[in-house]
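Let me begin by presenting the structure, written as structure tokens, before commenting on it.
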Amino acid sequence: MSSLEQSGDAAFSACELRYERVFAAPPERVFHAWTDPQVLARWWGPKGCVIPEISIDLREGGEWMTLMREPDGGEHRVSGVYREIVPPRRLVFTWAWDNDGERGHESTVTVEFEAAPGGTLMRFHQATFRTAEMTRLHNEGWTSCLDGFEEFVAAGNLA
């Protein structure tokens, strides 16, 4: 990895992102929140976004999709395919934005969940981005999303 930068809890280079966070819930519940469409729709996306459409086929080779709607009405569709599912420890899936009906550049997201004091240590990795600007934008989006997830968990939504 070239010249890592730090941004809060994230480490990123021009082509990848890494995060580590502890959430106050057991791994089984955190994993469930990442894989159950009804739960995922309640916290997914940058702050202020709502998820009016979501589908999850939770099996290796299964497809997933979310439609994120911003407060100003702008919509963004993202989708991918599950590559690895190891409950409650690991998810690996592809990620690509829909750009006016065309599938954009695909990256791979790996999320690992490990029991830790106080709950679950989540390790997140996304690679490979084509540009530093795309990495920066994803860093902003994921940081906001994970902040929202932390608030969601703290509010007792995974109890």
Side-chain angles (χ1 to χ4, degrees), residues 1-25 30-56 58 62-85 90-113 119-155 157-158:
M1 201 169 3
S2 63
S3 66
L4 275 179
E5 296 180 43
Q6 294 292 323
S7 172
D9 64 341
F12 60 96
S13 71
C15 63
E16 67 184 300
L17 292 172
R18 292 182 187 275
Y19 303 91
E20 284 192 2
R21 292 233 187 155
V22 175
F23 297 103
V30 175
F31 183 89
H32 179 77
W34 277 79
T35 58
D36 180 293
Q38 292 180 337
V39 179
L40 189 75
R42 294 173 55 204
W43 66 267
W44 185 259
K47 286 190 179 192
C49 286
V50 295
I51 307 300
E53 191 178 329
I54 186 170
S55 64
I56 292 178
L58 190 63
E63 296 180 358
W64 68 274
M65 182 281 306
T66 63
L67 177 66
M68 292 182 260
R69 183 173 296 140
E70 296 177 349
D72 67 4
E75 293 185 338
H76 308 282
R77 186 177 304 270
V78 64
S79 63
V81 174
Y82 289 102
R83 297 290 184 217
E84 186 178 348
I85 302 167
R90 183 174 164 93
L91 281 175
V92 180
F93 53 91
T94 61
W95 173 286
W97 295 101
D98 179 303
N99 299 316
D100 298 321
E102 297 289 323
R103 188 162 173 80
H105 174 72
E106 189 171 86
S107 60
T108 300
V109 174
T110 301
V111 190
E112 296 177 319
F113 310 96
T120 300
L121 171 63
M122 180 209 70
R123 290 185 181 96
F124 175 101
H125 179 246
Q126 186 174 10
T128 302
F129 297 104
R130 284 189 171 164
T131 68
E133 177 66 4
M134 289 306 299
T135 307
R136 185 189 67 74
L137 290 170
H138 277 82
N139 181 56
E140 288 177 8
W142 279 115
T143 297
S144 179
C145 182
L146 294 174
D147 288 349
F149 184 57
E150 189 169 351
E151 292 170 11
F152 181 79
V153 173
N157 290 303
L158 298 185

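Going from atom CZ of F31 over to atom CD1 of I85 covers 6.5 Å, rounded to the nearest 0.5 Å. Atom SG in C145 sits 13.5 Å away from atom CD in E140 (nearest 0.5 Å). Atom CG of L58 sits about 13.5 Å away from atom CD of E63, to the nearest 0.5 Å. Atom CZ of residue R136 and atom NE2 of residue H138 lie 12.0 Å apart, to the nearest 0.5 angstrom. In this structure, Y19 OH and M122 CE are separated by 8.5 Å, a value rounded to the nearest 0.5 Å. Atoms SG and CD, on C49 and E70 in that order, are 5.0 Å from each other to the nearest 0.5 Å.
Taking the side chain to side chain donor-acceptor pair (under 3.5 Å) definition, one finds that Q38 meets it with nothing, sequence neighbours left out.
In summary, of the residues considered (T35, I51, I54), a side-chain contact (heavy atoms from CB on, under 4.5 Å) with L40 occurs for I54 alone. Under the side-chain contact (heavy atoms from CB on, under 4.5 Å) rule, R83 has a single partner from V109, L91, V92, which is V92. Checking F149, W142, F113, W95 one by one against F124, the ring-ring contact (aromatic ring centres under 6.0 Å, His included) holds for a single residue, W142.
For CD of E102, the number of neighbouring non-hydrogen atoms (other residues, nucleotides, ligands) closer than 6.0 Å is 12 at most. Within a 6.0 Å radius of CD in E75, more than 12 heavy atoms belonging to other residues, nucleotides or ligands are found.
Shortest non-hydrogen contact noted between G104 and N99 is CA-ND2, 3.4 Å. Contact between S79 and R103 at its shortest, heavy atoms only, is OG-NH1, 2.7 Å. In terms of heavy atoms, M68 sits closest to P46 at SD-CD, 3.8 Å.
Of the possible donor and acceptor atoms, one in the side chain of T94 sits under 3.5 Å from a partner among the backbone N and O of V81. With W43 contributing its side chain and A33 its backbone, the two residues share a donor-acceptor pair below 3.5 Å. Using a distance-only test at 3.5 Å, with no hydrogens or angles considered, a donor-acceptor pair links the side chain of H105 to the main chain of T128.
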**Asked** Should T110 and R90 be marked as a side chain to side chain contact (heavy atoms under 4.5 Å, CB included) after you check the CA-CA gap, both sets of side-chain angles, and the distance that decides it?
**Response** CA-CA 7 Å; T110 301; R90 183 174 164 93; 3.5 Å; yes
**Request:** Evaluate the side chain to side chain contact (heavy atoms under 4.5 Å, CB included) criterion for residues E150 and L146: first the C-alpha distance (whole Å), next the side-chain angles of each, then the deciding distance (0.1 Å), finally the verdict.
**Result:** CA-CA 6 Å; E150 189 169 351; L146 294 174; over 6 Å; no
**Asked** Hey, mind stepping through L67 and H76 against side chain to side chain contact (heavy atoms under 4.5 Å, CB included) and telling me if it holds?
**Response** CA-CA 6 Å; L67 177 66; H76 308 282; 6.0 Å; no
**Intermediate values then yes/no, side chain to side chain contact (heavy atoms under 4.5 Å, CB included), V39 and H32** = CA-CA 8 Å; V39 179; H32 179 77; 3.9 Å; yes
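Counting heavy atoms from C-beta outward, L17 and F129 have side chains that approach closer than 4.5 Å. Counting heavy atoms from C-beta outward, E53 and T66 have side chains that stay 4.5 Å or more apart.
Among residue pairs with one or both ends in residues 91-100, none qualify as salt bridge (charged side-chain N to carboxylate O under 4.0 Å, His left out); sequence neighbours excluded. The stretch residues 123-132 participates, sequence neighbours left out, in these salt bridge (charged side-chain N to carboxylate O under 4.0 Å, His left out) pairs: E20-R123, E114-R123.
The aromatic ring centroids of W64 and W34 lie 6.0 Å or more from each other.
Note on R42 versus D36: no salt bridge recorded, every NZ/NE/NH1/NH2 to OD/OE distance being 4.0 Å or above.
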